[in-house]
Protein chains: 2
Amino acid sequence: MNRTYKQIQQITLAVDCIIFGFDTDQLEVLLVHRGFEPEKERWSLMGGFVRNEEDLDEAANRVLRNLSGLNNVYMEQVRTFGKANRDPYERVVSTTYSALILKKDYKAEFIKEYRAEWFPIHDLPDLIFDHKDMVVSALQRLQRRVRSVPIGFNLLPGKFTLPQLQKLYEGILGEKIDKRNFRKKLGTMDFLVRLDEKDRSQSKKGAFLYRFDKKKYNKAKSFSI
Amino acid sequence: MNRTYKQIQQITLAVDCIIFGFDTDQLEVLLVHRGFEPEKERWSLMGGFVRNEEDLDEAANRVLRNLSGLNNVYMEQVRTFGKANRDPYERVVSTTYSALILKKDYKAEFIKEYRAEWFPIHDLPDLIFDHKDMVVSALQRLQRRVRSVPIGFNLLPGKFTLPQLQKLYEGILGEKIDKRNFRKKLGTMDFLVRLDEKDRSQSKKGAFLYRFDKKKYNKAKSFSI
DNA sequence: AAAATGAGTGTACTACATACACTTAATAAT
DNA sequence: ATTATTAAGTGTATGTAGTACACTCATTTT
């Protein structure tokens with residue numbers, strides 16, 4: 001392979017994070033407001049440049065940690081955007097990563113510091129460069145993935161109710177789910193164990209609490225909503 | 001965003017191509033033999049560095065064209081490999097692209113020039129760096145994708161028989177498919193039109209020829225094997 | 001005692017995946 | 001001419017998973 005390119009290549013490598021947030025109903029995306037030129041007053045994803053000694057995955061985690069205070073959040077690479085003119089000011093290739101968090105875990109102090117804001121996924125402001133495409137591809141991937149891997153449970157407390165779980169899936173998928181069919185499917189998953197406790201905060205009758213049994217799940221590793 | 005990284009970032013950006021080939025039965029991968037140090041005598045994917053003015057996708061197509069003579073081949077980005085030490089000699093981040101071609105379209109002159117060779121997907125030699133992981137992820141993606149998008153038809157001539165089509169899918173998926181069930185599914189797809197001709201090269205009886213009607217497919221755009 | 005609220009439950013129907021074996025058309029061999 | 005050979009072509013029964021749909025239950029409030 002030709003090593004001489006190394007000297008003449010001048011492409012900056014960045015990461016951009018699509019941070020999806022959920023609290024009780026709909027899915028939102030965290031964007032930061034640019035208070036400076038170029039592209040002042042527009043919105044963008046949280047991003048940063050990759051350091052020489054750091055893994056690409058690490059770079060994404062660092063960006064998220066620095067700009068949000070969030071640590072140990074599970075992130076997944078989505079895809080790499082590499083059009084030569086995607087950033088009209090300089091040549092930057094950017095790899096996107098997506099994360100899914102609870103909105104309340106994102107602290108207000110960061111909102112202030114970075115002029116960040118949550119936007120409903122179907123009501124986004126104008127975004128710089130190709131960041132809109134980035135959000136779209138990350139959302140598609142998340143919606144596919146959430147159906148076959150139990151990532152949703154990370155957003156719930158250790159003990160949660162089935163109505164809570166259903167609202168979570170409805171929020172992520174952006175569609176209503178039939179209660180009985182949803183429960184029928186979950187009923188076949190033995191890693192979802194019902195406790196002898198109820199949560200009475202949402203109703204008079206109270207809803208049974210469940211927990212996600214990681215060990216049991218790791219044995220079968222099959223999940224489908 | 002901090003532009004100063006640009007000056008100090010020294011990461012080379014590369015593309016690596018996973019070229020899957022098929023002729024009549026099994027799926028193979030095209031590898032090139034390294035006749036030089038470092039990593040002499042080992043095998044690697046076809047790769048190259050991204051040029052300053054070129055799209056990432058273009059870079060992948062250029063690499064494929066230069067090393068194989070193949071033009072206008074449909075390639076898809078798979079994922080980006082960015083571990084800091086994945087290449088122990090220098091920091092290189094590599095985006096992988098996958099293509100699916102007919103083995104016979106890859107000309108012998110290139111085999112000689114680049115010491116390239118086809119290997120069955122489940123009988124690969126020792127590969128440099130993380131190229132084995134690259135092949136694995138590209139294969140997984142191809143096998144998922146070939147079930148929901150009619151990419152297989154690109155490998156067949158304009159007129160083809162159902163036994164041919166079935167062998168193609170069996171080769172890509174690496175499993176036998178029941179003839180009747182396969183045909184039952186295809187029977188529901190009206191973009192697959194039977195001609196009044198037969199191909200008698202494989203049997204005395206002859207198999208009806210079909211063609212893929214792109215216009216009809218584009219209307220419905222639903223495909224599932 | 002009645003009303004209100006959200007939790008919880010079952011069944012019938014439809015669509016899709018799977019398993020499985022013989023007949024047909026044409027040629028080649030005797 | 002008869003028979004053997006080869007790959008192409010065809011249908012049915014069974015199981016499994018998805019979907020649509022409406023009432024009862026437990027508890028609190030009025």
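Sequence lines set the chain letters: A, B, ... in the order given, protein chains first and strands last, and positions in each chain run from 1.
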>> List the residues meeting ring pair (Phe, Tyr, Trp, His ring centres under 6.0 Å) with A/Phe191, not counting sequence neighbours, and say none if there are none.
In response: A/Phe212, A/Tyr217
> Rounded to whole angstrom units, what separation is found between the CG atom of B/Leu186 and the C1' atom of D/dA8?
Replying inline: 15 Å
> Rounding to a whole Å, what distance do you find between A/Asp199:CG and C/dG6:P?
Replying inline: 13 Å
> When the ring planes of A/Tyr169 and A/Phe182 are compared, do they come out parallel, tilted or perpendicular, using 30° and 60° as the limits?
Replying inline: tilted
>> Distance check needed: C/dG6 P versus A/Lys167 NZ, whole Å only.
In response: 9 Å
>> Among residues at least two apart in sequence or on other chains, which ones pass side chain to side chain contact (heavy atoms under 4.5 Å, CB included) with B/Asp190?
In response: none
>> Let's see if you get this right: which residues in residues 141-164 of chain A place a heavy atom under 4.0 Å from DNA chain D?
In response: none
>> Tell me if a side-chain donor or acceptor on B/Glu170 pairs with a main-chain N or O of B/Ile177 at a distance below 3.5 Å.
In response: yes
>> For a 4.5 angstrom cut-off between non-hydrogen side-chain atoms, does A/Ile121 reach A/Phe20?
In response: yes
>> For a quick check, with a 4.0 angstrom heavy-atom cut-off, what is the B/S/- contact string for nucleotides 13-21 of chain D, read 5' to 3'?
In response: -----SBBB
> Given atom CZ of A/Arg183 and atom P of C/dT11, what is their separation to the nearest angstrom?
Replying inline: 17 Å
> For residues 98-112 of chain A, which residue pairs qualify under side-chain hydrogen bond (donor to acceptor under 3.5 Å, both in side chains), counting only residues two or more places apart or in two chains?
Replying inline: A/Glu28-A/Lys103
>> Quick one, B/Phe129 and B/Val92 - any side-chain contact, counting heavy atoms below 4.5 Å?
In response: no
>> For B/Asp130, run the salt bridge (charged side-chain N to carboxylate O under 4.0 Å, His left out) check against B/Arg79, B/Lys83, B/Arg86 and tell me which one passes.
In response: B/Arg86
>> Just so I know, are the side chains of A/Tyr74 and A/Asn61 near enough to count as touching, which here means a heavy-atom distance under 4.5 Å?
In response: no
> How does protein reach along nucleotides 22-30 of chain C, written 5' to 3' as B (base within reach of a heavy atom under 4.0 Å), S (only sugar-phosphate), or - (no contact)?
Replying inline: --BBBS---
>> Expressed as a whole number of angstroms, how long is the span from B/Leu165:CG to D/dA7:P?
In response: 19 Å
> Roughly how far, to the nearest 0.5 Å, is the CD atom of A/Gln164 from the CG atom of A/Leu156?
Replying inline: 5.5 Å
> Distance-only, no hydrogens or angles: does the A/Arg34 side chain make a donor-acceptor pair with backbone N or O of A/Glu41 under 3.5 Å?
Replying inline: no
>> Between P on D/dA8 and CZ on B/Arg194, what's the gap in Å once rounded to a whole number?
In response: 14 Å
>> Could you tell me how far apart B/Glu197 (CD) and D/dA8 (P) are, to the nearest whole angstrom?
In response: 17 Å
